[in-house]
2 protein chains.
Amino acid sequence: MGYSPLIDRLVESLRCLPGVGPKSAQRMAFHLLERNREGALALSDNLRQAVEGIGNCRSCRTLTEHDQCSLCASDRRDRTVLCVVETPADVLVLEKATGFRGLYFVLMGHLSPLDGIGPKELGMDLLLDRLDQGEIVEVILATNATVEGEATAHYISQAARSRGIRSTRIAHGVPLGGELEYIDGGTLSHAFADRRET
Amino acid sequence: MGYSPLIDRLVESLRCLPGVGPKSAQRMAFHLLERNREGALALSDNLRQAVEGIGNCRSCRTLTEHDQCSLCASDRRDRTVLCVVETPADVLVLEKATGFRGLYFVLMGHLSPLDGIGPKELGMDLLLDRLDQGEIVEVILATNATVEGEATAHYISQAARSRGIRSTRIAHGVPLGGELEYIDGGTLSHAFADRRET
């Protein structure tokens with residue numbers, strides 16, 4: 001670009017959005033300035049308010065503007081079952097798709113020693129405290145089905161079982177509607193080995 | 001969503017960006033809050049500064065934070081040739097791709113009577129004033145090759161010619177590297193009729 005520093009800076013900072021490259025950032029900047037200045041101001045305000053107002057829930061670590069998130073604060077959830085997920089977005093999809101009525105624990109990531117993410121960064125001390133309190137009878141491990149997600153699940157499963165707490169892992173296999181021909185070998189082999197009586 | 005009003009509002013306002021639906025907006029919001037709060041604050045500031053600081057060039061109507069854009073203010077451009085485009089982004093691509101050294105006029109849109117966009121909304125009075133000043137000897141019409149772009153080009157071409165000013169239109173045809181088999185019929189028929197001596 002190079003003919004308007006303000007536009008250049010806007011384009012550059014739009015690139016902090018995931019999946020936005022130089023072309024889309026430029027398109028976004030022009031769209032906002034040419035057609036939606038009100039929307040741009042609202043976005044500016046909401047970004048600042050969210051960054052300044054959103055912290056982590058003291059019980060489950062998810063993003064929230066309160067000391068405790070609404071799920072942890074609710075008295076209508078079953079406090080004996082704890083579902084462990086990697087991100088706040090995972091809580092949303094599980095809430096939408098399942099009838100789960102227990103509580104969540106959000107790791108805000110997964111074990112990844114090469115990136116310097118160990119148990120401490122994932123709030124494991126807080127999680128183990130929860131397990132030690134004796135209220136929880138089952139930990140559902142709903143981390144991603146990736147190598148890091150599996151390692152993280154394994155770590156927590158060990159901790160739960162050493163405390164005599166039941167630890168379960170969400171099922172892996174062929175997705176509903178999935179055609180065997182198009183499923184990757186790893187999933188298929190897992191699904192085959194994990195077959196169940198009908 | 002529904003468990004954090006601040007996040008909900010951020011997701012909602014991210015949707016004012018072109019090409020961003022509910023899923024990507026949510027992904028962007030979580031990404032910023034979990035991983036790039038500094039970037040989010042910078043984006044917030046740059047949005048506000050751009051909206052408050054950017055207006056239209058008094059000579060060519062493009063977006064600029066000054067009274068006149070840097071191209072119009074430059075004394076190294078040929079003031080006798082005026083290239084008419086629809087958007088500020090078009091100026092950027094032409095500057096990058098061509099060796100054009102004249103000035104631009106940015107319509108900030110195209111004639112579209114159904115949307116209430118007539119000559120007035122496109123700053124035609126400003127453009128005709130420029131033509132009347134007698135400095136311009138050629139108007140290059142670089143509006144898009146769409147129905148509206150053609151209509152807009154036609155309108156300006158009439159105005160230029162009635163003032164004895166040369167009016168040219170950028171060439172339409174098969175793009176470089178384009179294979180005939182995959183070119184639409186309209187373009188092909190146009191390219192065929194517009195064939196030139198070799």
Side-chain angles (χ1 to χ4, degrees), chain A residues 1-20 24-55 62-66 69-71 74 87-89 91-92 95-96 108-109, chain B residues 1-20 24-55 62-66 69-71 74 87-89 91-92 95-96 108-109:
Chain A
M1 307 256 309
Y3 79 77
S4 165
L6 278 185
I7 299 183
D8 290 357
R9 284 216 305 271
L10 175 57
V11 170
E12 190 50 42
S13 62
L14 279 163
R15 294 192 54 193
C16 75
L17 298 171
V20 174
S24 346
Q26 185 188 301
R27 190 168 141 248
M28 288 174 168
F30 282 132
H31 174 90
L32 292 175
L33 289 171
E34 287 166 33
R35 269 173 251 174
N36 197 356
R37 286 173 174 238
E38 268 180 45
L41 283 182
L43 176 54
S44 166
D45 289 343
N46 289 327
L47 279 164
R48 176 163 295 279
Q49 284 170 27
V51 168
E52 286 171 355
I54 301 275
T62 197
L63 296 171
T64 176
E65 61 242 59
H66 303 294
C69 75
S70 58
L71 290 178
S74 165
T87 69
V91 174
L92 296 181
E95 280 294 290
K96 205 167 165 186
M108 303 296 287
Chain B
M1 310 257 309
Y3 79 77
S4 166
L6 277 187
I7 298 182
D8 291 357
R9 284 216 305 272
L10 175 56
V11 171
E12 190 50 41
S13 61
L14 280 164
R15 294 191 55 195
C16 77
L17 299 171
V20 174
S24 345
Q26 185 189 301
R27 188 167 143 249
M28 288 173 169
F30 282 132
H31 174 90
L32 292 176
L33 289 170
E34 288 166 31
R35 268 171 253 176
N36 196 355
R37 286 173 177 241
E38 268 181 46
L41 284 182
L43 176 55
S44 167
D45 290 343
N46 288 328
L47 278 165
R48 174 163 296 279
Q49 284 169 27
V51 167
E52 287 171 354
I54 300 274
T62 199
L63 296 170
T64 176
E65 62 242 59
H66 302 296
C69 74
S70 58
L71 290 180
S74 164
T87 69
V91 174
L92 297 182
E95 280 294 292
K96 205 166 165 187
M108 303 298 285

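Below, chain A is the first sequence line, B the second, and so on; all start at residue 1.
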*Asks:* Select, from B/Q49, B/E52, B/M28, B/R15, the one with the greatest count of heavy-atom pairs under 4.5 Å involving chain A.
*Replies:*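 Answer, by heavy-atom pair count under 4.5 Å with chain A: B/M28.
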*Asks:* Atom OG1 in B/T64, atom CG in A/L6: separation rounded to 0.5 Å?
*Replies:*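 Interatomic distance, B/T64 OG1 to A/L6 CG, rounded to 0.5 Å: 9.0 Å.
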*Asks:* Quick one: what part of A/L32 sits under 4.5 Å from any heavy atom of chain B, side chain, backbone, both or neither?
*Replies:*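 It is the side chain, since no backbone atom gets that close.
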*Asks:* Between A/R9, A/R35, A/E95, A/R27, who has the most heavy-atom pairs with chain B when the cutoff is under 4.5 Å?
*Replies:*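 Ranked by contacts with chain B, first place is A/R9.
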*Asks:* Which one, A/G19, A/S24, A/A29, A/A50, leads in non-hydrogen pairs under 4.5 Å with chain B?
*Replies:*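 Of the candidates given, the most pairs with chain B belong to A/A50.
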*Asks:* Could you grab the distance from atom CZ of A/F30 to atom CD1 of B/I54, nearest 0.5 Å is fine?
*Replies:*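 CD1 of B/I54 is found 9.0 Å from CZ of A/F30.
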*Asks:* How long is the straight-line distance from CG of B/L10 back to CG of A/L63, given to the nearest 0.5 Å?
*Replies:*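 That separation rounds to 10.5 Å.
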*Asks:* What distance separates B/T62 OG1 from A/I7 CD1, expressed to the nearest 0.5 Å?
*Replies:*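 Those atoms lie 7.0 Å apart.
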*Asks:* Could you grab the distance from atom CG of A/L47 to atom CG of B/L33, nearest 0.5 Å is fine?
*Replies:*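 Interatomic distance, A/L47 CG to B/L33 CG, rounded to 0.5 Å: 8.5 Å.
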*Asks:* Using a 4.5 Å cut-off on heavy atoms from C-beta on, say whether the side chain of B/E38 contacts that of A/C16.
*Replies:*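 The answer is no, as the side chains (C-beta and beyond) never meet within the 4.5 Å cut-off.
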*Asks:* Among B/L41, B/N36, B/V20, B/L14, which residue forms the greatest number of heavy-atom pairs with chain A at distances under 4.5 Å?
*Replies:*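 With the most close heavy-atom pairs to chain A, the winner is B/L41.
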*Asks:* Restricting to non-hydrogen atoms, name the atom on A/R37 and the atom on B/V51 that form the minimum distance, rounded to 0.1 Å.
*Replies:*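 What the structure gives for the nearest pair is NH1-O, 3.0 Å.
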*Asks:* What residue in A/K96, A/R48, A/M108 has the most heavy-atom pairs under 4.5 Å with chain B?
*Replies:*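 When all of A/K96, A/R48, A/M108 are compared, A/R48 has the most.
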*Asks:* Where do B/A42 and A/S13 come nearest, in terms of heavy atoms and distance?
*Replies:*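 Shortest heavy-atom separation between B/A42 and A/S13 comes out as O-OG, 4.3 Å.
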